[in-house]
Amino acid sequence: MNSLNIKHNVTVILQELSDSVELVAAVKTRTAEEITEAIEAGVRIIGENYVQEAIAAFPSIGRTVRWHFIGHLQKNKVKKAVEVFDVIETVDSVSLAGEIDKKSRSINKIMSVLIEVNSGREPQKSGVFPEDVKSLIKDISILPNIKVKGLMTMGPISGNPEDARAYFTETRKIFEDIKKSGIEGAYMEYLSMGMTNSYRVAIEEGANIVRIGTKIFGDR
Ligand SMILES: *Cc1c(COP(=O)(O)O)cnc(C)c1O
């Protein structure tokens, strides 16, 4: 997509979002030039699915934006990931959290993480099932170099945004429940839900982070 379109798309989205909702530009497969256009139009958070892509884009972009990891994180990529990212949105196991904690400690960093909820209970997908979120948070909130800051969910992919609503509602309930239960070391600040076709529904259901790719950059 050309740069004028990217700038226009970002402007339109930012005008629509209220100040309390943060836009994460999902940049998988996009070029450094495309990403730079989006930043010039006002994007403040980059969402990367692949550690390698982030490392490639980082030198030309740097810390002018915040970096969120939104893909599936393999253990052998954690060392690099904690160097680049400000938030890892996709923690779904004690062992992954333990690795993030360890590698963050070695560079003196406190890593902010979100817990990825597999709200559709889809067996092939990453994320923790809704009924297991609380115990995972209890187990990892004690780790000294991790700060649990909220939840993220994808929900099952569907053409109709209304199909996503029930999954967003359920994730929001878990979010509120954990907030109320006051687990030490768990800070329920961020609820990351909704993509190009579902972000409006997600915001209605309480999202304060939306992750948008196609509506900014066009079809992949
Ligand atoms: C690609 C991606 C998005 C954005 O999807 P679009 O439909 O292009 O807006 C959001 N979240 C995650 C985790 C993604 O991988």
Side-chain angles (χ1 to χ4, degrees), residues 1 5-17 21-32 34-35 37-39 41-54 56-57 65-74 77 81 84-93 96 112-122 124-128 133 149-165 167-168 171-172 175 190-220:
M1 183 174 290
N5 286 333
I6 292 174
K7 287 213 165 101
H8 172 77
N9 294 343
V10 170
T11 305
V12 166
I13 294 167
L14 288 175
Q15 272 169 0
E16 180 186 345
L17 299 183
V21 178
E22 301 209 61
L23 170 65
V24 171
V27 301
K28 57 181 175 275
T29 78
R30 313 300 180 175
T31 65
E34 290 175 301
I35 299 171
E37 295 296 342
I39 293 168
V43 161
R44 291 288 163 261
I45 309 176
I46 299 296
E48 289 273 7
N49 289 67
Y50 305 105
V51 176
Q52 276 323 113
E53 280 190 12
V65 291
R66 281 175 286 149
W67 296 77
H68 283 208
F69 187 77
I70 62 174
H72 178 67
L73 186 55
Q74 292 165 289
K77 301 279 169 60
V84 173
F85 291 101
D86 299 292
V87 179
I88 296 174
E89 293 202 10
T90 51
V91 170
D92 63 357
S93 72
L96 177 60
S112 293
V113 305
L114 308 185
I115 305 304
E116 182 176 0
V117 182
N118 184 348
S119 54
R121 295 183 176 79
E122 297 169 280
Q124 77 283 9
K125 279 213 183 150
S126 43
V128 54
V133 175
K149 289 251 184 125
L151 306 180
M152 176 272 211
T153 198
M154 297 271 285
I157 301 301
S158 154
N160 180 358
E162 280 303 326
D163 293 345
R165 190 180 292 278
Y167 303 101
F168 294 156
T171 306
R172 163 74 182 270
F175 181 83
Y190 295 113
L191 187 53
S192 174
M193 314 193 288
M195 323 200 311
T196 290
N197 86 336
S198 59
Y199 73 93
R200 292 189 177 112
V201 172
I203 291 168
E204 286 169 8
E205 299 306 326
N208 58 13
I209 296 178
V210 293
R211 309 176 310 270
I212 296 179
T214 306
K215 196 180 163 88
I216 296 174
F217 301 106
D219 288 333
R220 279 181 296 274

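Note that the coordinates shown come from a computational prediction; the quantities given were computed from them, not determined experimentally. We count ligands from 1, going down the list as the structure has it; atoms in each ligand are counted the same way.
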Peer 1: Report all protein residues having a heavy-atom distance below 4.0 Å to some atom of ligand 1; order the list by chain, then number.
Peer 2: A26, K28, N49, I70, M152, M154, M195, T196, R211, I212, G213, T214, R220
Peer 1: By the salt bridge (charged side-chain N to carboxylate O under 4.0 Å, His left out) test, which pairs, at least two apart or in different chains, include something from residues 149-164?
Peer 2: E162-R165
Peer 1: Quick one: list whatever passes salt bridge (charged side-chain N to carboxylate O under 4.0 Å, His left out) with E53, sequence neighbours left out.
Peer 2: none
Peer 1: Hey, does the side chain of S198 reach the backbone of G194 with a donor-acceptor pair shorter than 3.5 angstrom?
Peer 2: no
Peer 1: Please name the residue in the list I209, I45, I212 that meets the side chain to side chain contact (heavy atoms under 4.5 Å, CB included) test with L23.
Peer 2: I212
Peer 1: Any chance CZ of F168 has more than 12 other-residue heavy atoms, nucleotides or ligands included, within less than 6.0 Å?
Peer 2: yes
Peer 1: The criterion is ring-ring contact (aromatic ring centres under 6.0 Å, His included); which residues satisfy it with F85, sequence neighbours excluded?
Peer 2: F69
